[in-house]
Amino acid sequence: MALFVFNSASKMVSSPFVILHCILICVTLHCNNLAEAKMNPRPNIVLILTDDLDVSIGGMGSIFSKNVLLLFILPSLVLQIPLVKTKKLIGDAGITFTNTFVASPLCCPSRASILTGKYPHNHHVVNNTLEGNCSSTAWQKTQEPETFPAFLQKHGIYQTFFAGKYLNEYGNKKAGGVEHVPPGWDHWFALERNSKYYNYTLSVNGRAQRHGQNYSEDYLTDVLANISIDFLENKSNRRPFFMMVSTPAPHSPWTAAPQYESNFPNIKAPRDPNFNVHGKDKHWLIRQAKTPMTNSSVEFLDNAYRKRWRTLLSVDDLVEKVVRKLEVRGELSNTYVIFTSDNGYHTGQFSLPMDKRQLYEFDIRVPLLVRGPNIKPNQTSPLLIANMDLGPTILDIAGYSVNETQMDGMSFLPTMTGKGNSSTWRSDVLVEYEGEGSNISDPACPLLGPGVSECFPDCVCEDSYNNTYACVRTVAQAANLQYCEFDDNEVFVEVYNLTADPFQLSNIAKSIDQEVLEKMNHRLMMLQSCSGQSCRTPGVYDSQFRFDPRLMFSSLPAFYDKHLE
């Protein structure tokens with residue numbers, strides 16, 4: 001809007017009349033926006049989902065690690081920390097949950113849990129392939145109609161927007177291609193297949209939009225930021241909105257924006273106590289890693305770590321743009337902004353090169369920051385959260401109950417707003433993973449035989465068919481424990497006391513009290529067969545815990561009532 005006019009001498013001068021007129025227009029528009037917002041006081045919701053962001057590399061959990069602390073001590077403070085603006089604008093302005101876990105440490109199963117509010121054994125997405133039900137036609141018919149965005153859209157109050165990576169096989173021509181727009185979304189800008197930064201295709205409300213490798217037009221994280229801002233500027237002000245932005249970063253290929261390509265020249269992967277050590281008491285897949293790693297392998301990890309950090313700087317910019325736009329529009333005070341990741345990641349822990357998929361904290365623990373109405377700033381909560389709680393929480397924010405759905409998760413909204421009772425919150429969650437392997441031997445690693453996958457040049461593999469496990473992750477006043485069973489010939493068990501052993505160096509399965517081991521086994525069986533409300537029953541360290549085998553066979557109540565009375 002111009003604040004200047006030209007005089008007869010063609011010089012630009014200020015006009016007080018024009019300025020006053022513009023001020024009146026701005027005030028009128030602002031008042032109109034406020035009036036329209038009051039017509040429907042339900043809060044807006046923004047969910048920002050990153051890809052492969054674990055707690056330790058996010059510039060939040062690691063901000064006081066030895067590596068990062070050096071950046072504050074050194075005089076060259078021009079070195080940024082990734083996600084520092086995100087921490088300030090969301091975490092410091094609201095609440096940070098320090099015990100947030102994923103239902104499965106792999107992209108597609110985890111994202112399916114976020115969308116459906118269910119454990120993998122209930123949404124049936126087991127890996128990143130069509131055969132594993134990732135965005136398959138079966139998923140589209142049975143699970144997509146039950147996602148929380150579909151619930152929001154069905155009730156007609158919220159306008160919904162999606163931009164970014166959806167599911168790894170989304171856009172596959174065998175499952176409808178990019179023409180398929182899942183139920184629940186009024187505005188749809190979804191990435192075809194897996195994370196990329198350049199040379200990708202977006203489904204724009206069911207039409208293919210191809211992008212090349214011109215930074216100003218095609219760099220995906222920035223494109224998502226721009227699309228999001230356009231939505232905020234052009235949406236209806238008469239209805240609340242739900243917006244989900246799913247970034248490619250920090251997933252491979254770790255392509256940084258040009259302005260960030262030289263950042264963090266000296267940063268290295270964290271040298272935590274479990275870095276480059278042999279997991280001698282762990283599952284065979286971990287034991288097969290070569291220790292110590294070669295110098296070239298460590299150098300490769302450090303380089304990848306730097307690249308991941310660099311991609312996060314653009315995510316930080318995206319967060320800032322969205323929050324500032326909400327602020328300028330007068331909508332920030334009535335908007336919940338949630339920031340999290342689909343799974344964690346490892347870089348050299350237990351001498352595993354880099355990937356996710358494992359049961360350990362670095363792969364299953366993710367950041368979770370939330371700001372919004374009635375959330376006091378600078379809060380930290382140790383409450384045990386699972387990513388299938390996001391759907392129920394978002395529905396609760398929107399004014400709906402999880403009891404109206406078939407979701408396994410719980411709403412943590414009362415905890416954020418100070419109305420919850422942590423003593424009634426569950427004390428454990430389930431983590432499930434189904435391993436993958438090749439039917440033939442890798443020619444480069446013939447000694448490994450068939451059944452493994454995700455193998456690196458030095459023949460260290462990150463996955464296998466029998467890397468299939470289920471864990472109970474417990475966070476209670478009396479225990480901080482992880483109990484895991486593998487579905488293999490050994491029925492291998494791993495147990496960790498995270499209070500005494502936060503880096504999971506010692507598997508205590510053979511030394512822990514046998515009664516505790518038995519209870520954890522029972523609890524695992526119950527959670528693996530739970531559905532809906534039965535997934536929220538008391539855990540082993542709750543006084544109300546009891547083992548009822550009938551809960552494991554709820555689909556056959558008559559038979560088990562007869563045989564177990």
Closest non-hydrogen atom pair between [X] and [Y], with its separation:
X    : Y    : answer
Y158 : I397 : OH-O, 4.2 Å
Y469 : Q358 : OH-C, 3.0 Å
L352 : L285 : CD2-O, 4.5 Å
S228 : V245 : OG-CG2, 3.4 Å
A476 : S427 : CB-CB, 4.0 Å
I48  : L318 : CD1-CD2, 4.3 Å

Side-chain H-bond candidate by donor/acceptor type, [X] with [Y], under 3.5 Å:
X    : Y    : value
D51  : S195 : yes
D396 : T393 : no
N387 : S113 : no
Q349 : Q504 : no
W284 : D488 : no
N172 : S135 : no

Hey, is C108 close enough to C134 that the SGs sit under 2.5 Å?
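Judged by the SG atoms alone, which are under 2.5 Å apart, C108 and C134 are bridged.
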Does the distance from C484 SG to C471 SG come in under 2.5 Å?
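Looking at C471 and C484, their sulfur gamma atoms lie closer than 2.5 Å, so the answer is yes.
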For K282, the salt bridge (charged side-chain N to carboxylate O under 4.0 Å, His left out) test, sequence neighbours excluded, returns none
Where the side chain of [X] meets the backbone of [Y], is there a donor-acceptor pair that is under 3.5 Å apart?
X    : Y    : value
S453 : S438 : no
Y483 : L524 : no
Q482 : L359 : yes
D363 : G344 : no
S529 : M525 : yes
S506 : I508 : no
D272 : N274 : no
N133 : H124 : yes
S252 : W254 : no
R536 : G409 : yes

Could you check if a side-chain atom of [X] sits within less than 4.5 angstrom of a side-chain atom of [Y], using non-hydrogen atoms only?
X    : Y    : value
V460 : M293 : no
Y166 : S203 : no
T247 : L53  : no
S531 : N122 : yes
V322 : M243 : yes
Y119 : Q528 : no
D54  : H346 : no
N466 : F486 : no

Kindly determine whether C445 and C455 satisfy disulfide bond (SG atoms under 2.5 Å apart), including the steps that lead there.
CA-CA 9 Å; C445 306; C455 298; 5.7 Å; no
Look at atom CD of Q533 and say whether more than 12 heavy atoms of other residues, nucleotides or ligands are closer to it than 6.0 Å.
yes
According to salt bridge (charged side-chain N to carboxylate O under 4.0 Å, His left out), does anything in [range] pair up with another residue at least two apart or in another chain? List the pairs.
range            : result
residues 341-358 : D52-K356, R111-D342, D355-R357, R357-E436, R357-E454, R357-D463
residues 183-200 : E169-R193
residues 139-148 : K118-E146

Report the distance from atom [atom1] of [X] to atom [atom2] of [Y], rounding to the nearest 0.5 Å.
X    : Y    : atom1 : atom2 : answer
I45  : F148 : CD1   : CZ    : 8.0 Å
N128 : E131 : CG    : CD    : 11.5 Å
L167 : L191 : CG    : CG    : 11.0 Å
M354 : F300 : CE    : CZ    : 4.5 Å
T116 : L390 : OG1   : CG    : 11.0 Å
Q288 : S464 : CD    : OG    : 8.5 Å

Could you list the residues that satisfy side-chain contact (heavy atoms from CB on, under 4.5 Å) with [X], not counting sequence neighbours?
X    : answer
Y465 : N439
T424 : N421
R207 : none
N507 : D281, F492, E494, V495, Y496, A509

From the list L47, L368, T50, V370, side chain to side chain contact (heavy atoms under 4.5 Å, CB included) partner of F339 resolves to T50
Show the atom names and distances, to 0.1 Å, of all donor-acceptor pairs under 3.5 Å that link a side chain in residues 94-105 to residues at least two apart or in another chain.
unit_1 : atom_1 : unit_2 : atom_2 : d
T98    : OG1    : S381   : O      : 3.2
N99    : OD1    : R365   : NH1    : 2.9
N99    : OD1    : R365   : NH2    : 3.4
N99    : ND2    : P382   : O      : 2.8
S104   : OG     : E432   : O      : 2.7

With the threshold set at 4.0 Å, does a side-chain nitrogen-carboxylate oxygen contact exist between R523 and D428?
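So R523 pairs with D428 through a salt bridge.
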Kindly write out the residues that satisfy disulfide (SG to SG under 2.5 Å) with C107, not counting sequence neighbours, or none if the list is empty.
none
So, using side chain to side chain donor-acceptor pair (under 3.5 Å) as the criterion, who are the partners of T311 when residues are at least two apart?
none
ring-ring contact (aromatic ring centres under 6.0 Å, His included) involving F231 - partner list, sequence neighbours excluded:
F161, H187, F241
Kindly say whether the aromatic ring centers of W188 and Y170 come within a distance under 6.0 Å.
yes
